[in-house]
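In what follows, a structure is listed as structure tokens, so that the remarks can point back to it.
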Amino acid sequence: MFSTFQRIQQYWGFVTTVTVFLAAAISISSVIQEHYFVDIPRVSINVQSIDVRYGKPHIGYNYKRQEYSLMKFDLEADLTPLFTWNTKQLFVYLAATYPGKPYANKVVVWDAIIRSKEDAVLSLSDMTADYSIYDVTGKFNGRNATLSLEWNAQPYVGLLTWNKGSERERFEFPQPATAR
Amino acid sequence: MLPQLSGVNIRQTLTQALSFCLVLTTTFMFWKGLSVVTNSPSPIVVVLSGSMEPAFQRGDILFLWNRDVRVKVGDIVVYNVKGRDIPIVHRVVRNHASSKKQLLLTKGDNNAMDDLDLYAHRQYYLDREQEVIGSVKAYVPWVGYVTILLSENVWAKYALLALMGFFQMMQRE
């Protein structure tokens with residue numbers, strides 16, 4: 001009885017130790033691969049149209065009356081090289097960055113979950129943005145903004161990594177169509 | 001002979017009780033130490049809902065880091081809204097940052113809508129400093145299921161305590 005318990009304890013300890021080291025090795029190897037052996041993919045972003053309206057934003061739970069954007073865009077990117085043996089999925093998002101006082105802003109307008117290499121070639125044209133942009137102040141005042149593609153690689157085990165395409169697409173918020 | 005024997009037994013029992021206490025305090029200090037290093041009141045969390053599926057499922061474990069003054073769009077943060085007990089793990093989709101304050105909007109990857117519904121009444125943004133308790137840096141699947149089992153079934157808690165005590169008694173040396 002006594003030695004049986006001791007053996008179970010020893011086996012259990014051994015199994016957990018091996019598992020922990022194996023998981024660490026898998027995570028570290030994939031992070032090294034991503035960091036040193038994968039070129040950041042080329043991305044092409046193009047804003048097809050950007051409209052600003054006044055009212056309640058269509059998408060989301062914010063029901064305040066304010067200026068909000070409606071956007072259509074094109075996107076080309078081949079993200080297949082980002083898949084390592086430890087990549088469970090990529091979370092890809094298109095984010096608009098624009099200045100302001102006192103708040104500098106960054107807002108996600110479109111996102112996607114990519115679960116396999118086969119789905120990692122993005123080729124979207126005249127795509128409607130998932131989310132509309134609205135500002136803390138409620139107004140855009142013709143500010144300039146840039147769009148960029150970023151992604152978060154989520155692993156089977158271990159460290160999460162974030163990276164982004166170097167390409168930027170500039171656009172300007174127009175005056176609202178139905179100003180009041 | 002009898003008193004001698006019982007004396008040995010008391011000593012042994014006390015030693016075992018002491019080493020059991022040592023296990024408990026070591027675990028506690030490890031947890032608190034990790035809290036200090038990561039600057040998060042709860043540096044390891046267990047996923048409870050499916051709102052970040054398929055990446056994070058119920059029972060998975062997340063390691064948090066809270067030393068960055070500003071979080072970024074795309075970060076997965078854990079936040080505690082005032083008046084709600086359960087911490088929520090969701091992604092930052094909106095960031096409005098000034099030199100003094102950072103306002104965030106979050107959304108679950110698997111949810112169609114943003115989190116405004118989960119915030120307090122008439123609260124439109126999360127406050128980075130007040131409400132975010134860390135952002136996710138690492139992930140381990142399944143392991144946290146033990147704690148879900150423990151927190152949702154009272155018998156499991158007592159069974160584990162009994163088991164720990166039993167093993168402690170079995171270790172004589």
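Every chain is numbered from 1 and lettered A, B, ... according to where its sequence line falls, protein lines coming before strand lines.
Counting heavy-atom neighbours within 6.0 Å of K137(B) NZ, excluding the residue itself, gives a total above 12. Enclosure of atom CZ in R170(A) is not indicated, since only 12 or fewer non-hydrogen atoms of other residues, nucleotides or ligands lie within 6.0 angstrom. Within a 6.0 Å sphere centred on CH2 of W162(A), other residues, nucleotides and ligands contribute more than 12 heavy atoms. Within a 6.0 Å sphere centred on CZ of R42(A), heavy atoms belonging to other residues, nucleotides or ligands number 12 at most.
From M52(B), atom CE reaches atom CD of Q154(A) across 6.0 Å, with rounding to the nearest 0.5 Å. To the nearest 0.5 Å, atom NE2 of residue H96(B) and atom OG1 of residue T137(A) are 9.0 Å apart.
In this structure, Y93(A) and V93(B) have side chains that are not in contact, with every pair of non-hydrogen atoms separated by 4.5 Å or more. Using a 4.5 Å heavy-atom threshold, the side chains of D111(A) and R91(B) count as separate. Between Y131(A) and K107(B) the shortest side-chain heavy-atom distance falls below 4.5 Å.
Options G100(A), A23(A), P102(A), A96(A) differ in how many heavy-atom pairs under 4.5 Å they form with chain B, and the most are formed by P102(A). With chain B as partner, the option from V157(A), T97(A), I133(A), V109(A) having the largest number of non-hydrogen pairs under 4.5 angstrom is V157(A). Here D109(B) is the residue among D109(B), V140(B), D60(B) with the most heavy-atom pairs under 4.5 Å with chain A.
In this structure, no portion of Q123(B) lies under 4.5 Å from any heavy atom of chain A. For a residue to count as touching a neighbouring chain, one of its non-hydrogen atoms must lie under 4.5 Å from one of that chain's; by this rule Y124(B) touches chain A with the side chain only. For chain A, no part of D115(B) is nearby; none of its heavy atoms comes within less than 4.5 Å. Contacts between Y125(B) and chain A at a heavy-atom distance below 4.5 Å involve the side chain alone, from C-beta outward. Interface residue K101(B): backbone and side-chain heavy atoms are both found under 4.5 Å from chain A. Using a 4.5 Å cut-off between heavy atoms, L105(B) touches chain A through its side chain atoms alone.
Judged purely by atom type and a 3.5 angstrom limit, K88(A) uses its side chain to pair as donor or acceptor with the backbone of A55(B).
The hydrophobic cluster containing I26(A) does not contain L82(A), counting ILVMFWY residues as joined when their side-chain heavy atoms lie under 4.5 angstrom apart, directly or transitively. L48(B) and I76(B) are not part of a single hydrophobic cluster, where members link through side-chain heavy atoms under 4.5 Å apart. Placement of I113(A) and V73(B) within a single hydrophobic cluster is found when ILVMFWY residues are connected by side-chain heavy-atom separations under 4.5 Å, directly or transitively. Side-chain heavy atoms closer than 4.5 Å link hydrophobic residues (I, L, V, M, F, W, Y) into clusters, and following such links, even through other members, never connects L34(B) to L62(B). Tracing side-chain contacts under 4.5 Å through hydrophobic residues (I, L, V, M, F, W, Y), one reaches I61(B) starting from I86(B); they form part of the same cluster.
Considering all non-hydrogen atoms of both residues, S132(A) and R94(B) come closest at O-NH2, 2.6 Å. Annotation for A138(B) and L159(A): closest pair CB-CD2, 4.0 Å, computed over non-hydrogen atoms.
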